[in-house]
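As the structure is a computational prediction, the values presented were derived from the model and not from experiment.
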There are 2 protein chains.
Amino acid sequence: MKKAEATRLTILEKAFELIYVKGYQTTSIDDIIATTRVTKGAFYYHFKNKDEMGLAIINELLKPTLVGSFIGPLQSAADPSTAIYELMHNLLMENEFLKVEYGCPAANLTHEMTSWNADFNQALNELTGQWTESMTQLIERGKLNGTIRKDVNARQVVMFVMAGYWGIRNFGKLERNKEAYLPYLEELKNYLETLR
Amino acid sequence: MKKAEATRLTILEKAFELIYVKGYQTTSIDDIIATTRVTKGAFYYHFKNKDEMGLAIINELLKPTLVGSFIGPLQSAADPSTAIYELMHNLLMENEFLKVEYGCPAANLTHEMTSWNADFNQALNELTGQWTESMTQLIERGKLNGTIRKDVNARQVVMFVMAGYWGIRNFGKLERNKEAYLPYLEELKNYLETLR
DNA sequence: CCAAAAACATACTAGTTAGTATGTTTTTGG
DNA sequence: CCAAAAACATACTAACTAGTATGTTTTTGG
């Protein structure tokens with residue numbers, strides 16, 4: 001049972017790439033089997049239907065990536081202002097997996113799927129919930145170790161910062177150029193400094 | 001040539017509602033003619049194809065709304081911190097046209113259309129460009145009248161604020177509840193106060 | 001090694017899509 | 001009032017969609 005797992009993974013990875021670029025609805029099963037060179041029989045052997053594959057992409061590809069790239073860098077950090085800025089800088093400017101013209105995969109799926117597919121909504125909510133959680137804990141730690149003011153409301157800050165991240169991805173899509181990220185990052189730095 | 005214009009406008013308005021709720025790609029021409037009770041012949045008399053209709057929605061419906069609801073409140077304002085907060089509060093909490101579960105129409109279209117349709121991209125870019133412009137001017141005025149610090153970078157602030165607005169709409173979609181907006185708005189207020 | 005299960009392959013279907021061809025009705029200007 | 005243009009109506013098409021029916025091949029455990 002090794003080759004079969006590889007086939008399944010190929011489908012998930014290639015389908016994810018297509019969906020990241022084209023969107024979920026406009027990526028057809030025929031698109032997926034054409035680029036994976038896996039037949040329709042194989043596809044439907046591994047997935048009951050398209051939505052089950054979509055959920056598998058979120059749970060099996062996006063979640064681990066989220067933990068690695070979005071949450072990991074926050075867990076060991078002691079200085080929240082610096083850690084959050086550097087995380088955002090890395091995600092926006094350096095991460096070679098996330099392309100400016102295609103935005104943030106989780107945000108794309110949220111925009112497209114939410115409000116008509118409850119399962120996707122829940123899976124995506126868990127995704128952002130984990131990120132929120134880890135960033136909130138970081139700020140609370142900062143309040144304890146003196147790097148963040150005691151009167152700062154962690155939940156507010158996290159919502160504010162995460163909203164900014166998702167929104168600036170939208171600008172990147174529009175302008176198709178990472179330059180759009182720079183003024184945002186500069187002001188994010190200014191804002192984060194006010195929390196000290 | 002009065003009735004014909006009414007037909008055209010009906011198509012645009014009903015199509016916009018459908019697209020706002022369901023998305024552009026998943027709103028079919030057949031959906032549109034069914035809800036408008038306009039026949040396909042009439043539809044294609046008024047619009048060369050679906051994309052031409054989509055662009056007409058942006059240019060003839062979204063742009064005027066943008067000027068009225070997003071730009072108007074900024075033009076007469078003297079105190080940028082207050083004006084921007086109140087604009088956002090109004091857009092998020094009070095505007096009865098924008099529904100929390102469906103997000104921001106312009107952001108939705110940006111997410112969906114950009115990166116595969118250059119015409120939509122340009123139209124949407126113009127839309128956000130106008131908003132950016134008016135908010136930048138407001139901040140510059142604030143720097144002159146003493147309500148904003150001289151060392152504030154207007155462009156940075158505008159990108160930061162607008163990114164936040166678009167991003168928090170995403171949270172609203174996920175949680176389907178305006179409560180998600182409240183911590184964001186509180187922190188926005190805090191942030192805007194630091195610009196004084 | 002060999003049967004049974006797992007994994008994959010091919011050909012199809014029924015429904016939906018944007019768009020067109022070809023009409024008929026309604027409006028308008030002289 | 002009446003022809004011509006504008007506005008609309010109906011019936012169709014070709015391409016695409018997710019999904020299925022029915023196979024064949026490959027792998028695996030005893």
Side-chain angles (χ1 to χ4, degrees), chain A residues 1-58 60 108-109 112-113 115-120 123, chain B residues 1-58 60 108-109 112-113 115-120 123:
Chain A
M1 300 212 186
K2 212 57 175 301
K3 189 115 176 295
E5 274 307 303
T7 304
R8 184 190 153 90
L9 197 61
T10 308
I11 294 173
L12 286 180
E13 287 172 344
K14 291 278 180 190
F16 168 76
E17 283 176 41
L18 287 172
I19 290 168
Y20 180 37
V21 171
K22 298 178 44 163
Y24 181 83
Q25 319 267 8
T26 43
T27 298
S28 69
I29 310 276
D30 288 343
D31 285 340
I32 294 167
I33 67 174
T35 60
T36 52
R37 302 176 63 71
V38 156
T39 61
K40 196 160 269 196
F43 180 93
Y44 280 98
Y45 173 78
H46 286 284
F47 304 101
K48 198 168 107 264
N49 52 41
K50 190 183 176 185
D51 283 357
E52 191 181 284
M53 179 211 63
L55 288 170
I57 288 176
I58 296 177
E60 295 171 39
N108 293 356
L109 282 170
E112 197 176 350
M113 307 306 288
S115 88
W116 71 268
N117 186 312
D119 292 333
F120 275 77
Chain B
M1 296 211 190
K2 212 57 176 303
K3 189 114 176 296
E5 276 306 304
T7 304
R8 184 189 152 90
L9 196 62
T10 308
I11 294 172
L12 287 180
E13 287 173 344
K14 290 278 180 190
F16 168 77
E17 283 176 40
L18 287 172
I19 290 167
Y20 180 39
V21 172
K22 298 178 43 164
Y24 181 83
Q25 318 268 6
T26 42
T27 298
S28 69
I29 311 275
D30 287 343
D31 284 341
I32 295 167
I33 67 173
T35 60
T36 53
R37 302 177 63 73
V38 156
T39 61
K40 197 160 268 196
F43 181 94
Y44 279 97
Y45 174 79
H46 286 285
F47 305 101
K48 199 168 107 262
N49 52 42
K50 190 183 176 184
D51 283 358
E52 192 182 283
M53 180 212 62
L55 288 169
I57 288 176
I58 296 177
E60 295 170 41
N108 293 356
L109 282 169
E112 198 176 349
M113 308 305 289
S115 87
W116 72 268
N117 187 311
D119 291 334
F120 274 77

Separation of atom NZ in K3(B) from atom C1' in dA6(D), rounded to whole Å: 12 Å
query: Under a 3.5 Å cut-off for both distances, is dG23(D) Watson-Crick or wobble paired, and to whom?
result: dC8(C)
- request: Could you pull out the closest heavy-atom pair between M113(B) and Q25(B), with the gap in Å?
  value: SD-NE2, 4.2 Å
Can you give me the N/O atom pairs linking the protein to nucleotides 12-15 of chain D at distances under 3.5 Å, or say none if there are none?
none

- request: Quick one: pull up CD in E13(A) and OG1 in T35(A) and give me the separation to the nearest 0.5 Å.
  value: 12.0 Å
task: Please report the closest heavy-atom contact between N117(A) and D119(A), naming both atoms and the distance.
output: OD1-N, 3.0 Å
- prompt: Between atom CD in E52(B) and atom C1' in dA18(C), what is the gap in whole Å?
  reply: 14 Å
query: How long is the gap from OG1 on T10(B) to NE2 on H46(B), to the nearest 0.5 Å?
result: 9.0 Å
task: Mind checking side-chain contact (heavy atoms from CB on, under 4.5 Å) for A123(B) and listing every partner two or more places apart, or none if nothing turns up?
output: L55(B), I58(B), N59(B)
- prompt: Parallel under 30°, tilted from 30 to 60°, perpendicular over 60°: which one fits the rings of F47(B) and F43(B)?
  reply: tilted
message: With rounding to the nearest 0.5 angstrom, report the CG to NZ distance, L18(B) to K22(B).
response: 6.5 Å
statement: Pairing partner of dA18(D), by Watson-Crick or G-U wobble and under 3.5 Å for both distances, is dT13(C)
- prompt: For the pair made of OH in Y44(A) and P in dC12(C), what is the distance, rounded to whole Å?
  reply: 18 Å
- prompt: What is the base-pairing partner of dG29(C), counting Watson-Crick and G-U wobble geometry with both distances under 3.5 Å?
  reply: dC2(D)
query: When rounded to the nearest 0.5 angstrom, what is the spacing between CE in M53(B) and CD1 in I32(B)?
result: 4.0 Å
query: Does dC8(D) have OP1 or OP2 sitting under 4.0 Å from an N or O in the side chain of H46(B)?
result: yes
message: Looking only at the side chain of N49(B) (C-beta and beyond, no hydrogens), which of the listed nucleotides dG19(C), dA18(D), dC8(D) gets closest?
response: dG19(C)
- prompt: Would you say K14(B)'s side chain and R37(B)'s backbone share a donor-acceptor pair under 3.5 angstrom?
  reply: no
- prompt: Looking at the side chain of T7(B), which of dC8(D), dA18(D), dC8(C) is the nearest nucleotide?
  reply: dC8(D)
query: Once you round it to whole Å, what is the distance between C1' of dA18(C) and CE of M53(B)?
result: 12 Å
task: Strictly below 4.0 Å, heavy-atom distances to any atom of DNA chain C: list the hits from residues 12-34 of chain A, or just say none.
output: none
message: Without decimals, in angstroms, what is the distance between E5(A) CD and dT28(D) P?
response: 12 Å
statement: Of dG19(D), dT20(C), dA9(C), the nucleotide closest to the side chain of A42(A) is dA9(C)
